[in-house]
Amino acid sequence: MNITVISVGKLKEKYLKQGIEEYVKRLSGYAKIEIIEVPDEKAPENLSKLEEEQIKQKEGERILAKIPGDVYVIALAIEGKMKSSEQFAADLDKLATYGKSKVAFVIGGSLGLSKQVMKRADEALSFSKMTFPHQLMRLILLEQIYRAFRINRGEPYHK
């Protein structure tokens, strides 16, 4: 399986980089992992709705430019469907079984994802009703992908 994580913004925190590197290494035995960072738009604190949409649109265009046509896209969005780790694992297994071996997970910037990116997505996935920093979501996502492969192979994982 080829898995791409497309994320807005550059990762700066050393501890997050180390965690992500660890999960990419662990996943190398299960799948090919690629992480693509697209630049975020600088945004002042107090934005109008129009300015927010413009920023999301610019970031969205950068995201969409990185998604080939034959990729199954899963957008991480607070309004997406919540799944258990076991459901997530079963869904990833189904994708691989039915010829969707190229999967891209998309993580938006601090304002979320544009309407265009959400339209391109084949599904929207939510990890929680809580808001997480988008940089931290990369690590959480990779851990859950790793957990999914362990579950699907019947290997032990931390419950």
Side-chain angles (χ1 to χ4, degrees), residues 1-28 30-83 85 87-89 91-92 95-96 100-149:
M1 194 167 214
N2 292 305
I3 296 174
T4 305
V5 177
I6 303 169
S7 185
V8 172
K10 191 141 189 72
L11 201 58
K12 296 171 189 81
E13 295 83 357
K14 188 178 177 186
Y15 72 97
L16 289 174
K17 284 181 181 178
Q18 289 171 331
I20 288 166
E21 286 167 10
E22 177 62 28
Y23 278 103
V24 168
K25 187 172 80 178
R26 289 182 188 191
L27 279 160
S28 66
Y30 301 99
K32 183 179 176 287
I33 305 291
E34 180 182 15
I35 296 178
I36 298 172
E37 293 179 336
V38 299
D40 56 345
E41 282 293 306
K42 299 297 171 246
E45 282 299 310
N46 299 317
L47 293 171
S48 69
K49 282 286 179 203
L50 177 64
E51 289 170 321
E52 277 188 22
E53 287 306 313
Q54 289 170 336
I55 287 170
K56 288 197 295 189
Q57 187 172 346
K58 285 179 186 172
E59 291 174 347
E61 287 166 5
R62 293 178 189 140
I63 291 167
L64 292 170
K66 301 291 182 188
I67 302 174
D70 62 341
V71 172
Y72 187 88
V73 178
I74 301 172
L76 272 61
I78 205 160
E79 68 273 8
K81 183 178 180 196
M82 282 197 245
K83 301 176 182 186
S85 294
Q87 286 172 308
F88 180 63
D91 289 350
L92 268 186
L95 287 173
K100 300 281 186 192
S101 62
K102 293 180 185 172
V103 178
F105 290 91
V106 179
I107 302 170
S110 58
L111 299 174
L113 293 166
S114 69
K115 289 180 180 89
Q116 295 86 343
V117 172
M118 294 307 292
K119 270 190 201 135
R120 171 60 182 90
D122 294 288
E123 70 175 278
L125 176 65
S126 174
F127 277 67
S128 172
K129 291 199 182 302
M130 293 180 180
T131 303
F132 295 104
H134 54 283
Q135 297 93 340
L136 180 59
M137 271 318 299
R138 284 192 222 182
L139 180 58
I140 295 169
L141 171 64
L142 289 169
E143 189 281 332
Q144 284 298 303
I145 293 169
Y146 174 70
R147 183 180 297 265
F149 279 108

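All values derive from a computational prediction rather than experimental measurement.
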Considering all heavy atoms of both residues, which atom of I55 and which atom of A43 are nearest to each other, and what is their separation? CD1-CB, 3.5 Å
Are any of the side-chain heavy atoms of T4 and I36 separated by less than 4.5 Å? yes
Run the side-chain contact (heavy atoms from CB on, under 4.5 Å) test against S85 and tell me which residues pass, sequence neighbours left out. Q144, R147, I151
Pair E41 + K56, salt bridge at N-O below 4.0 Å: no
D91 versus K83: any side-chain heavy-atom pair under 4.5 Å? yes
When you compare the side chain of I35 with that of R138, does any pair of heavy atoms fall below 4.5 Å? yes
Take K100 and M1 through the side-chain contact (heavy atoms from CB on, under 4.5 Å) test and state the conclusion after the steps. CA-CA 8 Å; K100 300 281 186 192; M1 194 167 214; over 6 Å; no
Just so I know, are the side chains of D70 and K102 near enough to count as touching, which here means a heavy-atom distance under 4.5 Å? yes
Would you say that V73 contacts F105 through its side chain, given a criterion of any heavy-atom pair below 4.5 Å between the two side chains? no
One should read off an interatomic distance between E13 CD and Q135 CD, to the nearest 0.5 angstrom, of 5.5 Å
Approximate separation, where rounding is to 0.5 Å, of E51 CD and L111 CG: 10.5 Å
When you compare the side chain of V106 with that of L113, does any pair of heavy atoms fall below 4.5 Å? yes
Which atom of A148 lies closest to which atom of L92, heavy atoms considered: CB-CD1, 3.8 Å
List the steps, then state whether salt bridge (Lys or Arg N to Asp or Glu O under 4.0 Å) holds for E22 with K25. CA-CA 5 Å; E22 177 62 28; K25 187 172 80 178; 3.6 Å; yes
If you measure from CG on L95 to CD1 on I3, what distance do you get to the nearest 0.5 Å? 9.5 Å
Between I20 and L139, the two heavy atoms sitting closest are N-CD1, 3.6 Å
Evaluate M82 against F127 for side-chain contact (heavy atoms from CB on, under 4.5 Å), listing each step before the verdict. CA-CA 6 Å; M82 282 197 245; F127 277 67; over 6 Å; no
Contacts of type side chain to side chain donor-acceptor pair (under 3.5 Å), residue D122, not counting sequence neighbours: none
Mind checking side-chain contact (heavy atoms from CB on, under 4.5 Å) for I78 and listing every partner two or more places apart, or none if nothing turns up? T131
Could you grab the distance from atom CG of L64 to atom CZ of R120, nearest 0.5 Å is fine? 8.0 Å
Roughly how far, to the nearest 0.5 Å, is CG of L11 from NE2 of H134? 9.0 Å
Residues that K119 engages under side chain to side chain donor-acceptor pair (under 3.5 Å), provided they are two or more places apart: none
Under the ring-ring contact (aromatic ring centres under 6.0 Å, His included) definition, can you give me all pairs with a residue in residues 2-27, not counting sequence neighbours? Y23-Y146
I63 side chain near V8 side chain, heavy-atom distance below 4.5 Å: yes
For I6 and I107: C-alpha separation, side-chain torsions, deciding distance, then whether side-chain contact (heavy atoms from CB on, under 4.5 Å) applies. CA-CA 6 Å; I6 303 169; I107 302 170; over 6 Å; no
With sequence neighbours excluded, what pairs up with F149 under the ring pair (Phe, Tyr, Trp, His ring centres under 6.0 Å) test? Y30
Which heavy atom in S114 sits nearest to a heavy atom in G60, and how many Å separate them? OG-CA, 3.7 Å
I'd like to know whether E34 forms a salt bridge (Lys or Arg N to Asp or Glu O under 4.0 Å) with K66, so could you lay out the CA-CA distance, the side-chain angles of the two residues, the decisive distance to 0.1 Å, and finally the verdict. CA-CA 12 Å; E34 180 182 15; K66 301 291 182 188; over 6 Å; no
Is the shortest side-chain heavy-atom distance between Q57 and E61 below 4.5 Å? yes
Spatial distance of atom NZ (K129) from atom CD (E79) [nearest 0.5 Å]: 10.0 Å
Exercise: identify the closest heavy-atom pair between M118 and A77: CE-CB, 3.9 Å
Testing the basics here: between R62 and V38, what is the closest heavy-atom pair and its distance to 0.1 Å? O-CG1, 3.7 Å
